Number of protein chains: 2
Amino acid sequence: MTDHGADTPAPAARAARRGRPPSTALNRDRILDAARALVEREGPDALTLRRLGAELGSNHTAVLRHFSGKEEILLGLAEQLIEEAVTGYEPTDSWRETLAGLARRVRGACLTHPQVAAVVAGRVSRRDAEFRGADLVIGALRQAGFGDREAARYYRALADTALAMGAQEAAVAALDSAAREGDRLAWRREYLAVSPTAYPHLASVAPHLAAADEDDQFETVLGLLLDAVELRAPHKP
Amino acid sequence: MTDHGADTPAPAARAARRGRPPSTALNRDRILDAARALVEREGPDALTLRRLGAELGSNHTAVLRHFSGKEEILLGLAEQLIEEAVTGYEPTDSWRETLAGLARRVRGACLTHPQVAAVVAGRVSRRDAEFRGADLVIGALRQAGFGDREAARYYRALADTALAMGAQEAAVAALDSAAREGDRLAWRREYLAVSPTAYPHLASVAPHLAAADEDDQFETVLGLLLDAVELRAPHKP
DNA sequence: ACCTGAACACCGTTCAAGT
DNA sequence: ACCTGAACACCGTTCAAGT
């Protein structure tokens, strides 16, 4: 990202020296910001190289000078998302609170930028912010008294689950609200109409399923996982 | 799916009466079988209407007489997958065993048809097999002594987690083995090379992360969730 | 050194026309 | 009743040519 070698200044640096802002100079950050704006404004399907080029006022192939392809742009967006969840987060005295807080921040970032989360689902960036998040979680698990093997095991269990759930929830949140409401209505209708003779158990709890609330749903899974981890932890939370 | 009304026989029925197999007659099942074969043979990206048409020996738009669009075909594939996991599964005396067995079958179906699972990730079919699976899980939770509200809550926690994990694992398994191996190597290399001063906790457990095994990973999450459910259950498993 | 424009090989969906 | 073929409005990526 940084250019070294003082004898070959980047064009942006040259432009700045001439006093003109490099408004037309493309770079990875400008491209990622434009991609994020595009996805948030018009939804996941709007992220095409052609529309991204238009957003940037450039030819649609110019972007490929800075990213090897569309996949690499998506990885950049994934890293931005984790960055937002992790930046400035400080562990607390209670390892359980540290883990719960981080999980809620990951989910929060997914829900704040559902379009981005939906488009990025399942991609691991293997970059800075991801490492910081991993270090926080593993630190909390060691605080709970787990050895390295168990800390690694439970880190993956917690991280994979949180990301998988965040991505899934974001996919729903990314639908426009009319489509989401239509989907929810169809789901309720079909589950409430299920045959009580064919599916007796399902039919009798269906009203509770229909009343389900997503925050409650997330807290339930998080609570279950942390209860089980606590049950196995050498130290109190 | 079945045609009633004896005075308006379907073309397939007419062809059969004439003694010729309806080899050219399209219907939903033939289309879904072809779609599944195509995805398993050539991967998720190969599922396009044009290639599906070629697979069926028809025009690529003929499929749209039977499905309203590509999305509806994906829903059909999702239902087939759950069908395979659920068909013939019988609950046991131990509710915990019932839940664990079903979760393992869902995962097994995803891993047997990773290409299909990858393409279908996150879609709920709201059809027969899904209802049967829900009924089994909720039945087991009632056997554990939970009331309707808790049974509904924990059903969603378990089902969402199992499906999200199955989908994620399938997405990895769907890569061709060269790409998968390359990805795993890159992942190991970058996690093992992480700076011990910047990420002390991560660096010291990294060897265990690199040694992680996916079966173990799945069983860890399943075990955590079931331990926590058992902790809250009125009846012994 | 960086960007453009044309070209290539594809997509999903619509719709008038055929049989 | 069902299928075809052409057309429409798009894709991502490559590459020679420009500045």
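Residue numbers begin at 1 in each chain, while the letters A, B, ... track the order of the sequences. Computed from a predicted model, the values in this text were never measured in an experiment.
Taking only side-chain atoms of A:Arg51, from C-beta outward, the nucleotide of D:dC11, D:dA6, C:dG5 with the closest atom is D:dC11. Residue B:Arg50 has its side chain nearest to D:dA7 when only D:dC11, D:dA7, C:dT14 are considered. When each of D:dT4, C:dC11, D:dT13 is scored by its nearest atom to the side-chain atoms of B:Asn59, the top-ranked nucleotide is D:dT4. Side-chain proximity of B:Leu49 to the nucleotides C:dG12, C:dA16, D:dT13 is greatest for C:dG12.
In this model, a side-chain donor or acceptor of B:His60 finds a partner on the base of C:dT13 within 3.5 Å. With hydrogens and angles ignored, no donor-acceptor pair under 3.5 angstrom links the side chain of B:Thr61 to the base of C:dG12.
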For Watson-Crick and G-U wobble pairs within 3.5 Å on both distances, what is DNA chain C written in dot-bracket notation, | included for inter-strand pairing? ||.|||||...|||||.||
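Side-chain N or O atoms of A:Glu55 include none that pairs as donor or acceptor with a backbone N or O of A:Leu38 at under 3.5 Å. In this structure a side-chain-to-backbone donor-acceptor pair under 3.5 Å is present from A:Arg105 to A:Thr87.
The distance from atom CG of A:Leu56 to atom P of C:dT4 is 10 Å, rounded to the nearest whole Å. In this structure, CD of B:Glu42 is placed 12 Å from P of C:dC10, rounded to the nearest angstrom. Protein atom CG of B:Leu47 is 11 Å distant from nucleotide atom P of C:dC11, rounded to whole Å. Taking atom CG on B:Leu26 and atom C1' on D:dT4, their separation rounds to 13 Å, with Å as the unit. A:Arg30 places its CZ atom 15 Å from the P atom of C:dC2, with the value rounded to the nearest Å. The CD1 atom of A:Ile31 sits 14 Å away from the P atom of D:dG12 (whole-angstrom rounding). When rounded to the nearest whole Å, the span between NE2 of B:His66 and P of D:dA1 equals 13 Å. Per the geometry, CZ belonging to B:Arg65 stands 11 Å off P belonging to C:dC15, to the nearest Å.
Nucleotides of DNA chain C nearest to A:Ala62 and B:Asp45 differ in position, and the one nearer the 5' end is that of A:Ala62.
By the side chain to side chain donor-acceptor pair (under 3.5 Å) test, A:Asp135 pairs with no residue at all, sequence neighbours left out.
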Between B:Asp215 and B:Arg107, is a salt bridge (Lys or Arg N to Asp or Glu O under 4.0 Å) present by the stated rule, with each step listed? CA-CA 10 Å; B:Asp215 291 350; B:Arg107 176 175 182 249; 2.9 Å; yes
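A salt bridge does not link A:Arg156 to B:Asp213: none of the charged nitrogens lies less than 4.0 Å from a carboxylate oxygen. The pair A:Arg28-A:Glu72 meets the salt-bridge criterion, since a charged nitrogen lies less than 4.0 angstrom from a carboxylate oxygen.
Of the listed residues (A:His113, A:Arg36, A:Arg127), just one forms a side chain to side chain donor-acceptor pair (under 3.5 Å) with A:Gln80, and that residue is A:Arg36.
Between C:dC3 and A:Ser58, no contact under 4.0 Å exists linking OP1 or OP2 to a side-chain N or O.
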